[in-house]
J.: 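One structure coming up, written as structure tokens, with questions to follow.
Quick note: numbers below take in every heavy atom, side chains included, and nothing from hydrogens, waters or symmetry partners. A quick note: this is a predicted structure, and the numbers were derived from the prediction, not measured.
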Amino acid sequence: MLGKDYAGQECALASTLEVLGERWTLLIVRDAFFGVRRYSEWVARLDIPRAVLSERLRGLVANGVLARRDDPGHAGRTVYELTAAGEELWPALHALIAWGDRHRRSSTNAYRHASCGTELGPGAACPACRVVPAAADVLVVPRATGGSPGRTDPVSAAMGRPRRLLEPLAVDGPRLAPRRDRDAEPSVVHAGA
């Protein structure tokens with residue numbers, strides 16, 4: 001198994017990859033921008049192994065990308081939110097999404113400056129306003145794919161409407177079962193199950 005550090009590399013990119021370079025990590029960060037805040041939501045959305053998700057969330061919190069807070073609406077549960085440092089990742093994440101859209105697979109979303117409605121260009125910049133809007137001022141507009149219906153989990157369904165980045169999702173679907181052991185994250189139980 002490969003290590004997670006880049007010993008001997010004194011470059012800022014290497015130190016960034018130590019935080020964000022593992023499999024699943026950027027998808028977790030992406031979904032945090034999309035409003036995913038709960039462990040059960042990431043499990044439903046990503047089909048990620050629970051142990052991996054728990055480890056990645058711990059690492060993102062330890063490295064100041066996410067903050068873990070008590071869920072004000074559900075006693076005993078937690079939510080994860082991007083920190084100011086985490087929000088600064090938006091232009092880099094947008095650049096990766098744009099690259100993938102050009103060279104790999106069409107993006108399922110358009111990203112617009114909420115203030116003026118213009119689609120963002122390179123570097124997440126608004127060509128009309130000539131600014132890089134903060135993540136909270138970016139509107140995510142789902143595109144019609146014309147192909148397969150895509151993911152049908154409750155989290156993806158909640159993402160199927162235009163919304164601002166960082167806006168918490170209103171998800172009707174998975175909820176957490178009580179913990180069975182103190183080291184493992186709880187399993188997902190679907191409402192009505």
J.: Under the side chain to side chain contact (heavy atoms under 4.5 Å, CB included) test against R30, which residue among V36, L89, L46 passes?
T.: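 Of V36, L89, L46, side chain to side chain contact (heavy atoms under 4.5 Å, CB included) with R30 is met by L46 alone.
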J.: Treating D101 as the side-chain partner and I97 as the backbone partner, does any N or O pair qualify as donor plus acceptor under 3.5 Å?
T.: no
J.: Nearest 0.5 Å, please: how far is CD in E81 from CG in L66?
T.: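 L66 CG to E81 CD: 9.5 Å, rounded to 0.5 Å.
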J.: Taking the basic N atoms (NZ, or NE/NH1/NH2) and the acidic carboxylate oxygens, is any pair closer than 4.0 Å for E167 and R37?
T.: no
J.: Which atom names give the shortest non-hydrogen contact between P127 and A125, and what distance separates them?
T.: CD-O, 3.3 Å
J.: Keeping the roles fixed (side chain from R161, backbone from P142), state whether a donor-acceptor pair exists under 3.5 Å.
T.: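 No; judged by distance alone, with no hydrogens or angles, the pair does not exist.
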J.: Please answer whether the main-chain N or O of G64 pairs with a side-chain N or O of T83 as donor and acceptor at a distance below 3.5 Å.
T.: yes
J.: Any pair with a residue in residues 50-73 that passes ring pair (Phe, Tyr, Trp, His ring centres under 6.0 Å), sequence neighbours left out, goes on the list, sorted by first then second residue, please.
T.: none
J.: Should V79 and V65 be counted in the same cluster of Ile, Leu, Val, Met, Phe, Trp and Tyr side chains packed under 4.5 Å apart?
T.: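 No, V79 does not connect to V65 through the hydrophobic network.
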J.: Can you hop from L165 to V132 via hydrophobic side chains spaced under 4.5 Å?
T.: no
J.: Assess the side chains of T118 and R112: does a donor N or O sit below 3.5 Å from an acceptor N or O?
T.: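 On atom types as modelled, these side chains do not qualify, holding no pair under 3.5 Å.
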J.: Do C126 and C116 have side chains that approach each other closer than 4.5 Å (heavy atoms only, starting at C-beta)?
T.: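 The answer is yes; the side chains approach within 4.5 Å.
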J.: With a 4.0 Å cut-off on N to O distance, would you call D153 and R45 a salt bridge?
T.: no
J.: Within the distance-only criterion (no hydrogens, no angle test), does the side chain of E41 pair as donor or acceptor with the backbone N or O of R38 below 3.5 angstrom?
T.: yes
J.: Is there a path from L93 to V141 through hydrophobic residues (I, L, V, M, F, W, Y) whose side chains come within less than 4.5 Å of each other?
T.: no
J.: State plainly whether the residues E119 and R143 are in salt-bridge range, i.e. N to O under 4.0 Å.
T.: yes
J.: State, to 0.1 Å, how close W24 and D47 come at their nearest heavy-atom pair, and which atoms those are.
T.: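 Of all heavy-atom pairs spanning W24 and D47, the closest is CH2-O, 4.2 Å.
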J.: Using a 6.0 Å distance limit plus a 45 degree cone around the ring axis, check whether R163 lies over the aromatic ring of F34.
T.: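 Yes, R163 sits over the ring of F34.
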J.: Does E22 offer a backbone N or O that forms a donor-acceptor pair with the side chain of T25 under 3.5 Å?
T.: yes
J.: Looking only at side chains, do T78 and D71 share a donor and an acceptor under 3.5 Å apart?
T.: no
J.: Using atom types as modelled and distance alone, determine if a side-chain donor or acceptor of Y39 lies under 3.5 Å from a backbone N or O of R50.
T.: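 Yes; at least one donor-acceptor contact below 3.5 Å.
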J.: Nearest 0.5 Å, please: how far is CZ in F33 from CD in E87?
T.: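 The CZ atom of F33 is 6.5 Å from CD of E87, to the nearest 0.5 Å.
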J.: Which pairs, with at least one residue in residues 106-139 and sequence neighbours excluded, count as a ring pair (Phe, Tyr, Trp, His ring centres under 6.0 Å)?
T.: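 Found W90-Y111, H94-Y111.
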